Amino acid sequence: MEESKRLVCSSSTFLISLFIILPLVYCAFFQIDRWKENLTNWDGNSSTGKKINEDVQEQEPLNSLLRRLVRGDQRIQLEDNGFAYLSELHSDIYIASKEVRFDTNASKIYINTSQALETYKVRPYALKGDETGMNLVAPIEIQVGNITPPACDYIHDVSAIVFSSGGFVGNVFHEINDVIIPLFITTRHFRSDVKFMITDFQPWFINKYEKIFTRLSRHGVINAAEIANGTVHCFPGAVVGLKYHGYLALNMSDIPGGYSMFDFRDFLMKSYKFKIKDVSQLIKLNEKPKLLLLSRMKTRTLVNQDEVVKMMEELGFQVVIVTPDMMSYFDEFAHMVNSFSVMVGVHGAGLTNELFLPNEAVMIQVVPLALDWPGNAYYGAPAKRMGLQYLEYKIELEESTLYDLYPSDHPVIADPESIKLQGYQAFRAIYLDKQNVKINVARFRKTLIEAIRLLGR
Ligand SMILES: *[C@@H]1O[C@H](CO)[C@@H](O)[C@H](O)[C@H]1NC(C)=O
Ligand SMILES: *[C@@H]1O[C@H](CO)[C@@H](O)[C@H](O)[C@H]1NC(C)=O
Ligand SMILES: *[C@@H]1O[C@H](CO)[C@@H](O)[C@H](O)[C@H]1NC(C)=O
Ligand SMILES: *[C@@H]1O[C@H](CO)[C@@H](O)[C@H](O)[C@H]1NC(C)=O
Ligand SMILES: *[C@@H]1O[C@H](CO)[C@@H](O)[C@H](O)[C@H]1NC(C)=O
């Protein structure tokens with residue numbers, strides 16, 4: 001009796017387990033599936049094996065896509081009035097989930113709501129607080145409220161994303177930091193169903209990043225100053241201004257699609273059809289590790305470059321020297337960078353190309369005198385966040401040509417902080433524009449040996 005009771009008991013336990021645990025397990029798997037799908041469904045295949053095509057899919061309603069850009073009070077405002085204004089540290093963002101009319105001739109945006117009229121002056125560029133940069137961005141006016149907007153000349157059926165390609169566009173770091181990454185952060189979750197309305201339009205810039213623009217929008221770009229057969233463009237919704245998360249940064253917890261720097265790098269990889277994902281693939285391909293040396297021509301040049309290259313070659317690197325003119329063929333250049341195991345350069349915008357290196361590649365930044373902070377903030381910390389192995393070669397006083405130009409007790413050498421206090425222009429004129437680097441080859445050699453070690457050679 002005792003035995004059979006136990007048997008009944010254990011079999012009922014078994015049955016209970018079956019009814020309780022199995023659904024739990026099933027649910028958990030289902031959740032994981034959904035979660036994975038959320039992570040992968042914007043590109044390629046979902047974990048369910050269903051091919052998700054960017055072009056043909058069930059689209060999330062526009063309102064919901066726009067709502068994902070805001071939280072808290074702003075979300076309530078957007079839901080109630082069809083308009084929300086976000087004032088963030090580095091950018092102002094205006095979101096409308098109702099009809100927006102953009103008069104390109106007057107640089108005015110009209111949004112008809114039941115509220116009292118409010119007018120905003122906007123410079124849609126993510127450098128809020130930087131007066132020099134923002135002065136290079138044309139303002140547009142947004143009128144929201146009980147207004148009679150002008151009649152539409154063009155009616156578009158997707159949201160407008162309005163941003164400027166003025167500011168510091170022309171410098172590759174700023175192009176990617178101020179525009180391209182913010183554009184990815186703000187629009188990737190629309191899955192290309194947006195139209196870019198670009199102010200301070202520069203055709204070369206659109207051409208340069210064509211692969212990125214066409215992947216983020218399948219509806220193309222509009223020059224916001226173009227007057228074709230009329231000037232009023234109407235959209236069912238709009239985002240004016242782009243979200244910004246810091247130097248070459250994407251903060252996953254604040255991006256509508258939950259995308260990270262790794263997703264952005266994957267996006268670049270697919271946009272440019274890079275072949276090399278991880279540096280280990282290169283190690284199999286090449287006998288010698290390939291090293292790309294970014295050779296600056298005007299400022300922060302490497303005075304003894306020949307000597308440095310000789311040392312690198314002696315250590316067994318295949319060195320390729322790249323000058324800024326070679327970077328003007330952007331797609332080809334990005335593709336080429338992707339084939340290197342190591343990239344070396346003196347602090348400067350060219351280092352932005354670290355974005356195209358394969359995972360676990362080594363990025364070596366030569367940091368001139370007094371440039372530790374920007375060196376780390378702009379390129380060092382981002383390199384680590386994007387899955388590269390980062391090494392810094394901080395020069396010593398004698399390796400700076402400023403040391404030859406000023407006596408050692410001069411504030412430029414002895415107290416760079418005091419020059420910083422004189423303002424950015426004064427600081428820039430000396431440390432960024434007047435300084436070249438004469439590397440101590442014996443000391444730098446150790447950094448390259450460390451690179452070889454990191455590559456697992
Ligand atoms: C997606 O799945 C299809 C078959 O279902 C396969 O042919 C294709 O290579 C997969 N693509 C990716 C990017 O995994
Ligand atoms: C553009 O605006 C100017 C004045 O601001 C006006 O004279 C001109 O007719 C406008 N052009 C069009 C096409 O609306
Ligand atoms: C503006 O919106 C109101 C409703 O909020 C509507 O009644 C009115 O017709 C709209 N005006 C124009 C000119 O579209
Ligand atoms: C402007 O109108 C002309 C003539 O109707 C047409 O050929 C042209 O494509 C139009 N341009 C745009 C940008 O719609
Ligand atoms: C990322 O975004 C979240 C949510 O807005 C915020 O709490 C967090 O501080 C941000 N992290 C960084 C590193 O900026």
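One-based numbering, in listed order, for ligands and for the atoms of each. Small disclaimer: the values here were computed from a predicted structure and weren't measured.
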Around atom NZ of K275, are there more than 12 heavy atoms from other residues, nucleotides or ligands closer than 6.0 Å?
no

Practice item. Output yes when D254 and R71 qualify as a salt bridge under the 4.0 Å nitrogen-oxygen rule, no when they do not. Key: yes

So the atoms of ligand 5 within less than 4.0 Å of a heavy atom of D254 turn out to be 2 (O), 5 (O)

Sorted by chain and residue number, the residues with a non-hydrogen atom under 4.0 Å of ligand 2 are N105, I227, T231

request  = Give the intermediate values and the outcome of salt bridge (Lys or Arg N to Asp or Glu O under 4.0 Å) for residues R443 and E396.
outcome  = CA-CA 10 Å; R443 197 165 75 88; E396 285 173 348; 3.8 Å; yes

At under 4.0 Å between heavy atoms, what of R71 touches ligand 5? The answer is side chain

| query | Okay, side chain of D278, backbone of S280: is any donor-acceptor separation there less than 3.5 Å? | reply | no

Do the charged groups of E60 and R191 touch, with an N to O distance under 4.0 Å? no

query: Is NZ or CZ of K290 both nearer than 6.0 Å to the six-membered ring centre of F340 and within 45° of the ring axis?
result: yes

Counting from 1 in the order shown, the ligand 3 atoms closer than 4.0 Å to a non-hydrogen atom of P149 are 13 (C)

On a heavy-atom basis, the closest approach of V279 and E360 is CG1-O, 3.6 Å

Between P124 and V122, the two heavy atoms sitting closest are CD-O, 3.7 Å

Check: Would one find an N or O of N112, backbone or side chain, under 3.5 Å from an N or O of ligand 3?
Finding: yes

